[in-house]
Every structure is written in C-alpha cells, then in structure tokens.
Asks: 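Below is one structure. I have some questions about it.
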Amino acid sequence: MSEIPKAYEPQSVEDKWYDFWLKQGCFTADPQSAKPAYSIVIPPPNVTGMLHMGHVLNNTIQDILSRKARMDGKEVLWLPGTDHAGIATQVMVEKQLKKEEKKSRHDLGREEFLKRVWAWKEKHGDIIINQLKKLGCSCDWTRERFTMDPEYSRCVQKVFVELYKKGLIYRGKRMVNWCPVSQTALSDEEVEMKPQKGFMYHFKVQVAEAPDTWLTIATTRPETIPGDTAVAVNPKDPRYAHLIGQHIVRPLPAELPREQKLIPIIGDEHVDFEFGTGVLKVTPAHDKADFDIGTRHKLPLIEVINADGSMNVLAGGPLAGLDRFKARKVAVELLTEQGVMVEEKPYENNVGFSQRADVPIEPRLSEQWFLKYPAVPESKACVEQDGFGSTPAPGVGASAPAGDSGRATSFDAHGQSARLTAADGASAAAPGAGALPGKMRFHPQRWAKVYDHWLTNIQDWCISRQLWWGHRIPVWYRNGEVHCGLEAPSGEGWTQDSDVLDTWFSSWLWPFATMGWPEPTDTLKKFYPTTDLVTGPDIIFFWVARMIMAGYEFMGDLPFQNVYFTGIIRDKQGRKMSKTLGNSPDPLVLIAQYGADALRFGTMRSAPLGQDVLFDEKDVELGRNFCNKLWNACRFRQMQGSAGASPASEDAPSEQFEIQGEIERTLLTPDDKWILLKLDAAIREVSIALNEYKFSEATAALYKFFWSEYCDWYVEACKAVFFGTDTKQKANTLAVIDFVLSHTIRLFHPFLPFITEELWHGMGYATDMPDNQGGKTIMNAPWPLPFDDDFKGHYGLDDCYLEMTDTKYELVRNGRDLRRAGNIQAAKKVKYVFKPAQHLTPHDAEVIKLLLNAEALEVNADYPPPKGTPTVQSKLGELFLPLEGLIDVAAEKTRLTKELDKIQSEISKVEQKLANPNFTQKVPPAVLAEHEQRLADWKAKLAHTQVSLETLG
RNA sequence: GCGCGGUUAGCUCAGUGGUAGAGCAUUACCUUGACACGGUAGGGGUCGGAGGUUCGAAACCUCCACCGCGCACCA
C-alpha cells in the first residue's frame, strides 16, 4: 500500500475485489465440507425489476449474516435467483408491445407473446443480479435459479399433481376476486381494502301484492339493480317480517315488462336491521355475501357485468356497454326519472382494490382452481409465540436442529492465543442460538401473532390466473374427461387448461426447489433447513407462511429457523418509496457517488430492528465519511513505518515486523491497555448485537469504538510515542495498533466488505495467515473473540487502566476548557503547568501535553500559582494555564460558578436519596454503594472547582 | 370492530427500574505533521397526557389523546 491517497476512493477498489472474490470462487458453497452449514435463500426479486432501497436493506442484511457466518467458520450457502412475477412481468411486456408495435398480446397469440416475454427476460433478467453484485452480495452465483427454469417448473408441476391427487387441489365455480383490468382472478391476499368516498343511495320499490306499500332500499351500487334477484329482510324485523314471500317490482331495467321484474322478498338472518333501511337488495352474481344468500335461497343468478367491468345487455338498454362507474351515474338518473330515488347521501365505505392494477375488484363467479392449504397444524405449531422459550440462556441448548448451524450467543474463550500478534484470534464455531430445535423464531417476534391469526382464518387459495406468463396448469380436458399429470395424455383431442398458476404457487417451493428437490441432493442434505430468512413483513402471508406449509408438506421439515422481518424503507417525510412520487433514490447512483460500503453502512446504521426506516441521503454520506475515517486511520499507521527496529524490505517477508511485531507486555502503556480493553468491549458488543439481529446497534458500537475511542483518543495519545525517540517503544505501539486494526477491520468486514478487504491486504494483515484463515481473503479470516482471562492476565489488562486513563483524558478535556475560557485560539500553542498529586510517568506527561496541544507541559510539584491562574483539579493533580493578563478572569469565574451550581444540584439530588431511610434500607447494596460513590465523586469535583475558583482570586 | 406498532433534543432515532444518549442540523474557534469526508469546545429535552405500582418510572400497570400499519366488514 504505497502512495495512499488522502481520501478513500471506493470505485476502483470495489470492482477489483468483487472480481477477485468471483474468480476465487469465494462464494461457492461446498456441500461436502466438514464445516457446519449456514444457509439463506434470497427472496427472489422480480426478474425484470430494478434494485431499489428495499432490496438494499434486505440484501445488505443477508450479506452481513452470510459474511459473519463465514468468519465464524461456517460453510455458507446464500442461494440467489429471480422470480418470474406473473402479472407484473406480463403487464410490462404488454405495455412495451403496445408502445412499440401498437399491438396487444392477443394480436400476437399466446406462443408468440411468450417468446417476447422470454426475450425480455434474457435482455433484462441480469440487470438486478448485476446490481446485487455492485452492492457486494456474496451469493453463490453458481446456484442461481429462476422460477421458470425447466427443473424448477418441473417441481411446480409435480407439486400440483401431488396435491391434486391428494384432493387438496380442486376446480370449482365460485365467487372470486376479479381484476377487470388484468382480467384475471386474484387471491384474497392480492386485494387491498381502501376507504372510498361515494354515496349511499336510497330508492323505493313497490310491493307487488300491496301496491300501496313501498320499501326503501339502501345501496352503494345502483348499477347492479338489474342483477338483483331478491330483496332480503331479517325475519325478526317486525317492520318487514310479514312481507316475506311477497314480491317487489325491480325498477331496472326499466324497459322490461313488469312481470319479468318481480323478485321475491326473502327472510335471511344475515340482514342487519340496524343498518341502512333494513332492506337488502340481493345481487348473487356480483357480491360475495349476496352469493351466499342466493345459495341458501336457491335464487337465480343474473350476470350484468362483463369481465372487463362493462355492463352487458342484461343490464338494460341505457346501461349496456357502459363502464360500471359510468353506469352507476346513469342508473341514478334512471331511478330519478322514475321518481323512485329517495335520497343520496355522501358515504364512505371500504372497497377492495386490485393490488396490481389499483382498480376496484369486481366479485365474479368463475371457474377456478383452488388449494386447500396443506400442513396447517404443523405450520402453526412451529413458530414460537410471545413469551414461549423466548430468550435462551447464553450458550445453552439453543442449537438448531442441524447441529451447529445456528448462531452464537456466548463466547468461547478458546482459540485466543496468549501470544499477541496482529491477525491472531481464531474464531470458534459458535454455539447455536435462534430458535429451539424444530421451532422457528420470528424477529421481531410480534409478527408471530400476525402469522398465527392469518393461519387461523385462511380460506382456500385461488391459484389459477388468467394469464399467459407463468406455469401452465398441468391439466388436460377432452369432452368430459380430465387428466392431471406431468405429461400430456396420449391420444387425440386433448386440450390443456389455458390458465397459469399464481406466481406464489411457484415461489412457495423456493427453499428446496432451488436445491435440487425432488432429488435428495447433497446440497439439500447439507443446507436444508436453511438458517435465516430475511424478508419484508408485507409478504408474510404471500410467501413466508406458504413456504412454511410447503416445507412441511414436501420436505417434512420447516424451511428455515429464523425469519428476520425488515422495516419498510420510507422517505424523509415518512412516505413509502414510489415511482410516481419520485422519492426513491436509485441505489446505483448512490453507490457511484458514495461507494457501496457507504450505502450499506448508512442503511444499517439507520435501520433499527422492527421499525420502518426513514431514508435520508445524509445517512449514506455518514457511511462515506466513516469509510474515509477508517482509511485515514490506516494511512496514519502506514506513515509511521515498520514496527521492527529496522525497516524491512519487500523481499524479506520472513521478517514479519514489516507488518507487525509481537507485543512486549512490559512496554504496554496505560493508553495501550485502555484501547485493548475498549476493543475487547467492542468485540463483545458487536457480536452480541449481530446475534440478536440488531444491525443498527452493531454499527453504532463499531462507530463509537473506532471513531470516539480509537481515533479521538488512542491515535492522538500514540503520537506521544511516535514523536519521541524510543524505537523499542515505537515498535511496541505499532504492534498494538496492528493488533487493534487487524481485529477492527475484521469486525467491520460484514458491513464494509470492500474497504476491509483492501485494507486487510494493503496493511499486510493477510500475509501471516493461513490461506483458508484470511491469507487469501478477509472473508475467511476468523471472527474476533473477546479476550479470555489468561490473555488479560498475561498483558495486564486490568480494568483499573480504564479508570486511570479515563481520568487522564478527563483532565485533558478540562484543560482544553481553560483555553476556551482564556479565548485562546485552537492553533495557538500555550504552556501548561502540571502539579502532580502522585508520580507522573514521562509518557503520561507527554500524552497530556500532546492532547492539550500545548507548547510545553512543565511538571512541577512545588508550583506556586500566581493569583488569577486558571486551574483544573484532578485525582492526578492540578493543571494550570498561567497566562497572566490574557485570561478573562471574570468570564472564567462565571463559568466556574455555573459549574458549581450544577455540581451542587447533583449533590443535593444524591444526598436527598441517601437521606431517605426507605431508600437506604430497601435498595440493593450495589446500588447503594454506587450512589455513595457518586456522591463522593461530586463532592470531590465540588472541592476541585472551589479551589479553581479561589485560585482565580 | 379486533389486533399490532409508535409518541424522548430542530430532524431521525437508541435507551425494559438507579446520574437522559447518538448521528445529523446548529453556534464559536481552527486548515496543527491520518483525515475539512476533519478537529476542539458549546447550546439545545418538565421523555404525548392523566392516574397507579415502587425507596426510585422515559422504562412496569390502567385509562386517554394523536400518528401509522394489519385483519375483518353492513348493503
């Protein structure tokens, strides 16, 4: 790493290392490996889709989990692929066809149209895959799958045939959710209820048998009146019960003769007599509830709406041919003309919308294929609900069924060499965490309730779609015969069902169909069930729940052990990202501008578990700034030269001192011990956060350690050594820096794969590692472990050094305050005098001097401060800034007085507590001691500040 | 109607019983020998409201308000 640029430039670095990883096959999973397995299947993005911020969030998390698992010594399979996304893709190609050739798919015919879709897929299918590569995703691309691959299609057909033979799949004429724009049936999950402003129309109808009696009916859909075949009242309703069995005259179509418009008044419990007028018009062909009433009363069905949402001839002359919404207005006019319109009042109700086309669903009777969901009881039972085995004790029995394939909650002390070199510290295979054997855990767990509720109330799944792009239903018909099978039946005259299957009917097989099922492949044996699934809660029913059922039905086991539900990415104002709003930044643009590492880090830092993420480009900027900081910290290390006494040349790699030296424990300064202890704490915090899927906590911990502890204090303190002349001490400090950096870079690797790989090699930390332990790539370097007691004992890493060094830094902070009080510019060098309370090492004196940016620090135990000299008091001694005349004494006095007020108020707070006998008697001893200590500390501060004030005179 | 989240600094959010935190923004000063994508120091909060439990509540309980989401749904 020669001639390091001042600012980190991600562009060249990122492409270089991604190519390297691919060439070296670093992402390829080996089913024969002896290592424990870790696996994830990607939620397959739409094959014609483009990367958006949701993908960034989701796939960064999967990449972090995968990379961490590799460093934990797992054999990792992250299996990628794409989804054919039936409606979305078909619509996209249809639009293009319309635009470029002014043709519809019907103009081309099915076969030709499908050729066009495949052509589109060939042309655009790689886009999102390449975008994922830009993001750094470590997927095993040799196993990339597409839901329309021949082998995958075979799985879908096989599953259909099996379920058909079991009687779980059946065909029937039922009311379905019909999208008039896409002209296909949809599942219940694809219908979105939206409140709509409209009108409640009241119109009156004459009772045929009692011409003086008129009933008033309330409806929001007067255009369906021609399809009414009864009116219903509640048999318990005293207003109307006596009319049951009589008839009313249906007002539309107006032109029909009266006797053709007589429809019965029926009694049905479904009618709520509190609502509306208590009289319900029944349209069995165009309303689900009405269909049920119609079935109960054997009512005839009159279809008045076409598949495209227009009215047909049965709706009557003026309405026929009109769109349903236009027809509504005309129907109102017709009723008004007849003088039967009583009133129309504004009304808001919920209307089901097609999620795809964003138009109101039309309930419609049609012949469709349905699935009775399989394996429901197992699927319900396997997901841990709240308060059920929630937090396993650290390191206890939480291992996943596949043995060691889970994740760590505790730390194994082994593998920590007492000999401290930069890249040492082998990571133990972590004991499992996550779900209990045979159980699955959702993160955050509250989604388990949502899942359970859905599973409790599911209806059969409408799986047929009136589309062309998708898996065609493997059923053939001839006259009255039906054949369901993997192959077309022999003989003449068979025609295949023209429908295709719901896309989710193929993606629910994803976790095992991608691994070679139904063959018992090595991949399946090694990697199924998968370890983690990372996805959005918006597809918990569509995909997650159905995968679980398929897992039990076809593999006899759950498909994954943990499901992490991400939040939804929103813009700064909290709005969902959408193309129409134009508030969705293009991740590729962000990567070009800031680097993929920056995008990943920024996203992770602002994405707490279970909360939606309000995306702000500032976050990415923060990520870039952080990478730059990391870069420059390493640059600083490089500029200090080799750790050995003599600079080693590149031809002498046997002299490991080029990169790092052994740490000599007797030469460790308090600052060294301080940073090593802080590193130890950071390793713990980051590891724990990752094991709990708390990615924002992990990044925050790393950020704090590296920026606020390592850079702000340790690096600055080190300059005391580097600016000195003690070469042995310099070498030792460099060895400590190398140790800390080589660990830190590894901790950052899952988050920042590119810059860490660059630094790992550039700093030379790779060179003394075995090839499969980080020598080739940091990807396989062992994840750092917290230090064990032997290690700490050997290097004298006692917690007292934390306190001691904190006190030193506190003194520095207070000393800097004096400059400000004196209005001394930051750049101006001044002389401080220090009156030590105990022995002060030359090293510490030098550190204090440097951190104070002082011209000099005179250490003088007998210093007689002139009146008016600003001072700070500390356990270590008194620090003076003797600048007579330059100090604004009054201002400093004001500051100190303010300080005194604050101290006194803190003292009285604690004293009050301690004076309360209830408190002192009931509180745990540790808390009591802590309060007493706090009081003592504040009192010492009070004394110090008082002295400072007096010294000012 | 049922259920789930949320309400803490100007903004975005951490903080599950013991001294209110971070990043951004902001103010002042500084291009000093890793970094201006930087440094140093500062200002800024009665933790949505009301009760309760407790020696002690931002945190636990009850109720309320507002924001968001999911499920169900009456024409």
Side-chain angles (χ1 to χ4, degrees), chain A residues 4 6-8 193 200-201 217-221 224 231-232 270-283 287 289-290 293 347 349-350 352 444 446-447 449-450 453-454 457 537-538 540-541 567-568 570 572 574 594 598 602 605-608 610-616 618-619 621-640 694 696-697 700 703-704 707-708 711-712 715-716 719 722-723 813 816-817 819-821 823-829 853 906 909-910 913 916-924 926-928 930-931 934 937-938:
Chain A
I4 313 168
K6 245 175 128 172
Y8 174 57
M193 302 303 282
M200 179 69 90
Y201 303 95
I217 300 175
T219 183
T220 53
R221 299 199 67 187
T224 63
V231 296
H270 171 259
V271 180
D272 174 0
F273 47 89
E274 305 272 317
F275 190 88
T277 60
V279 185
L280 171 69
K281 70 193 260 313
V282 183
T283 325
D287 184 280
D290 289 5
I293 296 176
Y347 184 70
N349 64 338
N350 282 325
R446 61 186 151 87
W447 292 108
K449 203 169 172 179
V450 176
H453 182 252
W454 181 79
N457 298 295
D538 48 334
I540 186 170
F541 311 138
I568 292 167
R570 299 171 178 281
K572 254 193 283 191
Y594 298 101
R605 195 168 189 284
S606 59
Q611 298 299 339
D612 286 355
V613 186
L614 270 58
F615 177 80
D616 187 339
K618 284 270 178 205
D619 296 330
E621 202 179 310
L622 173 118
R624 178 201 56 181
N625 294 353
F626 188 81
C627 289
N628 192 55
K629 190 76 174 177
L630 185 58
W631 183 257
N632 274 289
C634 290
R635 187 164 166 261
F636 171 77
R637 159 65 187 90
Q638 291 297 77
M639 290 167 80
Q640 303 313 316
K694 292 177 178 169
S696 65
E697 262 180 36
Y703 189 99
K704 184 192 67 161
W707 200 305
S708 308
C711 290
D712 284 354
V715 169
E716 295 306 318
K719 291 176 181 172
F722 294 139
F723 297 169
R813 224 178 274 119
R816 288 167 178 169
D817 270 351
R819 305 175 64 107
R820 184 175 127 84
N823 259 333
I824 297 160
Q825 296 204 325
K828 188 171 167 69
K829 297 262 186 184
N853 194 26
E906 292 295 335
K909 262 198 251 175
V910 186
K913 275 189 166 186
N916 182 350
N918 265 327
F919 176 81
T920 47
Q921 281 160 24
K922 292 184 181 174
V923 88
V927 176
L928 186 64
E930 189 243 317
H931 276 75
R934 200 192 304 165
D937 289 348
W938 281 119

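In the text below, chain A, chain B and the rest are named by the order of the sequence lines, each starting its count at 1.
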Asks: Just to be sure I understand the rule, does A:Asp287 reach a base, reach only the sugar-phosphate, or reach nothing, if contact means heavy atoms closer than 4.0 Å?
Replies: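 No contact at all - A:Asp287 keeps every heavy atom at 4.0 Å or more from the nucleic acid.
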Asks: Between B:A65 and B:U27, how far is it from one C1' atom to the other, in whole Å?
Replies: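 Comparing C1' positions in B:A65 and B:U27 gives a spacing of 37 Å.
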Asks: Less than 3.5 Å between a donor and an acceptor, one on the side chain of A:Lys629 and one on the base of B:C35, is that the case here?
Replies: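 Result: at least one qualifying N/O pair found.
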Asks: Is the A:Phe541 ring parallel, tilted or perpendicular to the A:Trp454 ring (thresholds 30°, 60°)?
Replies: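 If you compare the ring of A:Phe541 with that of A:Trp454, the planes turn out parallel.
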Asks: Hey, what are the protein-to-nucleotides 17-24 of chain B N/O distances that come in under 3.5 Å?
Replies:
from	atom 1	to	atom 2	distance (Å)
B:G18	O2'	A:Glu930	OE1	3.0
B:U19	O4'	A:Arg934	NH1	3.0
B:A22	O2'	A:Arg605	NH2	3.3

Asks: What distance, rounded to whole Å, do you find between the two C1' atoms, one in B:C4 and one in B:G10?
Replies: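 After rounding to an integer number of Å, I get 30 Å for this pair.
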Asks: Contact class for A:Tyr347 (heavy atom, under 4.0 Å): base, sugar-phosphate, or nothing?
Replies: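 Sugar-phosphate contact only.
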Asks: Taking both distances under 3.5 Å as the test for a Watson-Crick or G-U pair, what stems of at least three pairs does RNA chain B have?
Replies: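 If one scans RNA chain B for consecutive Watson-Crick or G-U pairs, the stems found are B:1-7 with B:65-71, B:10-13 with B:21-24, B:26-30 with B:38-42, B:48-52 with B:60-64.
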Asks: Rounded to whole angstrom, note down the C1' distance from B:C71 over to B:C61.
Replies: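 Roughly 27 Å separates the two C1' atoms.
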Asks: Taking only the C1' atom of each, what is the distance from B:C47 to B:A14 in whole angstrom?
Replies: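 Straight-line distance between the two C1' atoms is 13 Å.
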Asks: Looking at A:Tyr703, is A:Lys629 sitting on its ring face, NZ or CZ under 6.0 Å from the six-membered ring centre and within 45 degrees of the normal?
Replies: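 Here A:Lys629 fails the 6.0 Å and 45° test against A:Tyr703.
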Asks: Of the non-hydrogen atoms in A:Thr277 and A:Ala218, which two are nearest, and what is the gap between them?
Replies: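 For A:Thr277 versus A:Ala218, the nearest heavy atoms are OG1-N, 3.9 Å.
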Asks: Below the 4.0 Å mark, does B:G3 have OP1 or OP2 next to a side-chain nitrogen or oxygen of A:Lys449?
Replies: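 No, outside the criterion.
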Asks: CZ/A:Arg624 to CH2/A:Trp631 distance, rounded to the nearest 0.5 angstrom?
Replies: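 It is 15.5 Å, given to the nearest 0.5 Å.
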Asks: Between A:Ala633 and A:Asp712, which has a closest nucleotide on RNA chain B that is more 5'?
Replies: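 On the 5' side of the pair lies A:Ala633.
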Asks: Is any side-chain nitrogen or oxygen of A:Asn349 closer than 4.0 Å to OP1 or OP2 of B:A75?
Replies: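 For B:A75, OP1/OP2 do have a side-chain N/O of A:Asn349 under 4.0 Å.
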Asks: If I pick the C1' atom on B:U62 and the same atom on B:U26, what distance separates them, to the nearest angstrom?
Replies: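 Roughly 41 Å separates the two C1' atoms.
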Asks: Does A:Arg624 reach a base, just sugar-phosphate, or nothing at all? Heavy atoms under 4.0 Å.
Replies: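 Since a base atom lies under 4.0 Å of A:Arg624, the category is base.
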Asks: Which is true for A:Lys704 with a 4.0 Å heavy-atom rule: it touches a base, it touches only sugar-phosphate, or it touches nothing?
Replies: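 Answer is nothing: A:Lys704 stays at 4.0 Å or more from every strand.
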Asks: For A:Thr220, which contact category applies under a 4.0 Å heavy-atom criterion: base, sugar-phosphate, or nothing?
Replies: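 Answer is sugar-phosphate: A:Thr220 comes under 4.0 Å of backbone atoms only.
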Asks: Is the shortest side-chain N/O distance from A:Trp707 to OP1 or OP2 of B:G39 below 4.0 Å?
Replies: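 Indeed, a polar side-chain atom of A:Trp707 lies that close.
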Asks: Rounded to whole Å, please give me the gap between CZ in A:Arg635 and P in B:C37.
Replies: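 Checked: the CZ to P distance equals 14 Å.
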Asks: With P as the reference atom in both, quote the distance from B:U12 to B:U7 in angstrom, rounded to an integer.
Replies: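 Result for the P pair: 12 Å, nearest Å.
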Asks: Any side-chain heavy-atom pair from A:Ile293 and A:Leu280 closer than 4.5 angstrom?
Replies: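 Answer yes - side chains close enough.
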Asks: Determine the contact category for A:Val279: base if any of its heavy atoms lies under 4.0 Å from a base atom, sugar-phosphate if only primed atoms, P, OP1 or OP2 are that close, otherwise nothing.
Replies: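 The residue A:Val279 makes no contact with any strand.
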Asks: What is the distance from atom CD of A:Gln921 to atom CG of A:Asn916, rounded to the nearest 0.5 Å?
Replies: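 Taking CD in A:Gln921 and CG in A:Asn916, the distance rounds to 9.0 Å.
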Asks: Which part of the nucleic acid, if any, lies within contact of A:Cys627, taking any heavy atom under 4.0 Å across all strands shown: a base, the sugar-phosphate backbone alone, or nothing?
Replies: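 Result for A:Cys627 = nothing.
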Asks: Answer with base, sugar-phosphate or nothing: what part of the nucleic acid does A:Met193 contact at a heavy-atom distance below 4.0 Å?
Replies: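 Contact class for A:Met193: base.
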Asks: Determine the interatomic distance between C1' on B:G18 and the same-named atom on B:U54; round to the nearest Å.
Replies: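 B:G18 and B:U54 have their C1' atoms separated by 12 Å.
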Asks: How far, in whole Å, is B:G70 from B:A36 if one measures between their P atoms?
Replies: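 B:A36 and B:G70 have their P atoms separated by 47 Å.
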Asks: Ignoring hydrogens and angles, are the base of B:C73 and the side chain of A:Asn350 linked by a donor-acceptor pair under 3.5 Å?
Replies: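 Result: at least one qualifying N/O pair found.
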